[in-house]
Each structure stands twice: as C-alpha cells, then as structure tokens.
Number of protein chains: 2
Amino acid sequence: MNTEHSLKEEEAGKVIGANLRQFRINKGLSIEALAKQIGVSKLTLIKIEGGEANPTLSVIWKIANGLNIPITALLSIESDVSIARKKEGLQLISSDDVFIVEPLFRSHDFTEFYRGYLKAEKAYVSDPHQPGVIEYITVMSGELIVEVGGESYHLEEYDSIRFKGNLPHKYVNPSSSLTILHFVITYNYR
Amino acid sequence: MNTEHSLKEEEAGKVIGANLRQFRINKGLSIEALAKQIGVSKLTLIKIEGGEANPTLSVIWKIANGLNIPITALLSIESDVSIARKKEGLQLISSDDVFIVEPLFRSHDFTEFYRGYLKAEKAYVSDPHQPGVIEYITVMSGELIVEVGGESYHLEEYDSIRFKGNLPHKYVNPSSSLTILHFVITYNYR
DNA sequence: AGTATAGGTAAATTATAATATACCAATTTG
DNA sequence: CAAATTGGTATATTATAATTTACCTATACT
C-alpha cells in the first residue's frame, strides 16, 4: 500500500525533504537562493531536505508558496506506471446486480479510480462519504441522472459532474441500456 | 480560484483548524479524547482548531495518523457541485487538429480533469510535466497506445493507465476512428 | 439539586524550531 | 590558478511550539 497515512512519523520528514529537493532542483534554484526568496534560513532548508527536521506549518507554507506548488505536493509520495484493463476481472465492490463497481487504481494518492456499471432503468443510493471527499463522475457510455443536494442533474455521454461526497446522493439510469461510468474519488484537497 | 497555493500564510492555520474540527466531530471524538489517543495535548488541539496555531509537522502527522486520514486532507479546501457537459463548447487547449483537449474541472484541488480527442492514426507527443505530477488516462471510446518510460501500452475501450507525468510520453491512436479520452492530472501526492 | 463532560482560558515551564554567523570541502567558472 | 558558488557542519541565541496544571462556563445526565 503506497498510501500516505501508512507512513511512520519519522518518514513524514523524509517525504517532505525528498519532495522539496526535487521541486527545488527542478526549478533550478540553489538552497541559498530559495532561502532568500522565501524568507526561510538556509540551515532550515538544509535540515528539511535532509529529512532531519520537524518544520512548522508556516515554514511548510512558505516553501510551497515560494515554489508555487500546493502544500500537499510537498507531503506526497508517488510511483511508476500501472494499468487497469477492462478485460481483467477485477474484484467487484458492490455487486447487488444493479450497480457494479470495479476499483481501478485503488487508494493511491488518496485519489481513487473506479469503473462503474448501472443497469438499465435502475437506481442506486450511495451512502454519504466522509467530509472532505469529492466525487467526479464521467459518463463513458449511456446516460445518468445524479441526484445530490436536492437537485437533479441529467448527464449524457461524455458529460462529467463534480460534487461533495459527504452529501447523500443517488444515481439513476433512465435509459433502456447499460450506463458505463468513470468515478474519481478524492479525499483531499485544498 | 479555489486553489491551495492561493492561500495567505495565516490562512493555512485556519484551514487545518476547520478541517480538523470537521473530521474530529465526524468521528464523534471530543478534543480531550483525541488528544489522549494521539498523544498531543488538549490545548494544542484547541489552538489548532481555533486557527491560532502554527503546528509542527510531527503534530500534523499525529493528527492525520490518529484520524486515519491523509495529511493532505487536513490542508485542503473544497466546495459545491459543478458540471462539464460535452455539448457546451469549452475552450480548447491544444487544437493542432490532431489532439484536442477540453478542460473539465480546471485546477481544482490540484486534480485537473480533461476530455481529449485524438484523431484516427495520429500521434501526439506531450511535454513532460513537473515532478510530482501523475497522469491517469481512460479510453472512453476507441483505442490508444501510450508510450512512456521506454515501454508501449496498448489500451482498449474502458481501459485506464496511470503514470508519472514527468516522464516524456506519447499518445498514439492506431485505429481508423476517433479516440475519446478522459484525463486526470494530479499535482500531488504521497 | 449535584455530577460529569465538554470546550475553552490563563499562567508558567520545557522542548525545540528557526535564526545568525562563521567555517569547511567540493565543484564550477573566469 | 584564483574566485565564486554550492551544499553542508558547528555553535550559540532567540523565538515559539508544546506541555502541564489549574480554573472557568456551559450543557447534559441521574
């Protein structure tokens, strides 16, 4: 599991250090130049990059702001390449025969990807998620009605919707054919 | 612009405070109970929730870990509902007649969403992005070959791929019909 | 009524993040 | 070669994060 909250405490400092170094070098800045630019001492930056610091939020903010990147980019881990094929029989999350969900890239970066199938003329009521969760749904085939926040949104092929996942929401397939969906769930964000 | 790096310095503390309160209450924990559980003093938590603190990374880590959420969830802002329809003529980013990209939900949460069209038997070479950028591509219609990291991946309808966007990469449509794609670009992550 | 729990304040203390300054050893540059 | 530049170390100082303890005010519970 390459997820963030599987980090040990000391590791958080190494993550931010490695990320800072990567971003700084990518921008062609020396430690001293960056220090001067953002108003943080050179030694502080050296310690952070070396993973041997416990920086305060304000210093983290100054770095992210100075590099013009989101704070979260400094606290993130990532890796290589992976593929999710439709053919490969991925495990189904909810196979109540009406709404079927296949995880694609699971719990990675706290952005999760799913492929979903909603049968013709069927509906599915989703449990609300934690606050901070955002859902992005794209209709890859067919059509979909999303009911959320007291409103009803009718999506056609290749339309997308974005909403706060902590609101109760419902998916309806009003058509007479299968609707194929693409879900992105984020657990974050600015 | 509801982006993270548009925050002012003092605001970062208010964001983490509001998020902490939301997550804590959502889990039904009192400040004291959480304090005891994660080994951070009650007063520290009160100050953080009140937005009048400048917590260190280790305290931020303890909170996120104790609540079993990603660190980035504590530093994020979010909002309501929005829709991107295919019909609505969104501005095109790269219309060199071969590869057309439409932004869907732009620069939100540092996860960006695009719809892309790659013409039959055409290819597109993408400039590598900043380190820390991850691309997720899903084939909504047609087929696609992605060349990245010296490898070549052939995707069919509804397949998805994920890779580091700082590697040079190339998209090829080997078929004789239009390929319709869904892109997610993240600027983050663990 | 009294008791417990909850969020919050006030003060003093301890731990430590951040700073400034000087110095050092490699590169790199003129 | 000499002169910058860069990443890094060492030490001492200052600023402040985090802690502890005590106290206060509501609200909820019996």
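Below, read A as the first sequence line, B as the second, and so on, with proteins coming before strands; counting in each chain starts at 1. Predicted, not measured: the structure shown is a model, and the values here were computed from it.
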| task | Look at the side chain of A:N173 and the backbone N and O of A:K119, then say whether any donor-acceptor pair between them is shorter than 3.5 Å. | result | yes
| Distance test, side-chain N/O of B:R24 to OP1/OP2 of C:dG7, below 4.0 Å | yes
| field | Trace of the side-chain hydrogen bond (donor to acceptor under 3.5 Å, both in side chains) decision for B:E143 with B:H154 | value | CA-CA 8 Å; B:E143 49 185 307; B:H154 192 139; 2.6 Å; yes
| said: What residues from residues 34-42 of chain B pass a heavy-atom cutoff of under 4.0 Å to DNA chain C? | reply: B:K42
| query | Between C:dA17 atom P and A:I48 atom CD1, what is the distance in whole Å? | reply | 11 Å
| How many Å lie between CG on B:L57 and P on C:dA18, as a whole number? | 10 Å
| said: Any salt bridge linking A:E52 with A:K14? Criterion: basic side-chain nitrogen under 4.0 Å from a carboxylate oxygen. | reply: no
| message | Nearest whole Å is fine: how far is D:dT5 P from A:L29 CG? | response | 15 Å
| field | Candidates A:I31, A:V59, A:T56, A:I63 - the one meeting side-chain contact (heavy atoms from CB on, under 4.5 Å) with A:T44 | value | A:V59
| field | B:L45 CG - C:dA6 P separation (whole Å) | value | 14 Å
| 5′-ward residue of the pair B:L43/B:T56 relative to DNA chain C | B:L43
| field | Between C1' of C:dA18 and CD of A:E52, the distance in whole Å | value | 14 Å
| Looking for any heavy atom pair under 4.0 Å, which part of the strands does A:T44 touch: base, sugar-phosphate only, or nothing? | base
| Atom CG of A:L20 and atom P of D:dG8: how far apart are they, to the nearest Å? | 11 Å
| task | Take the protein atom CD1 of A:I46 and the nucleotide atom P of C:dA17, then report the distance between them rounded to whole Å. | result | 16 Å
| query | In whole Å, what is the span from the NZ atom of B:K62 to the C1' atom of D:dA17? | reply | 12 Å
| field | Sub-4.5 Å side-chain heavy-atom contact between A:P174 and A:E121 | value | no
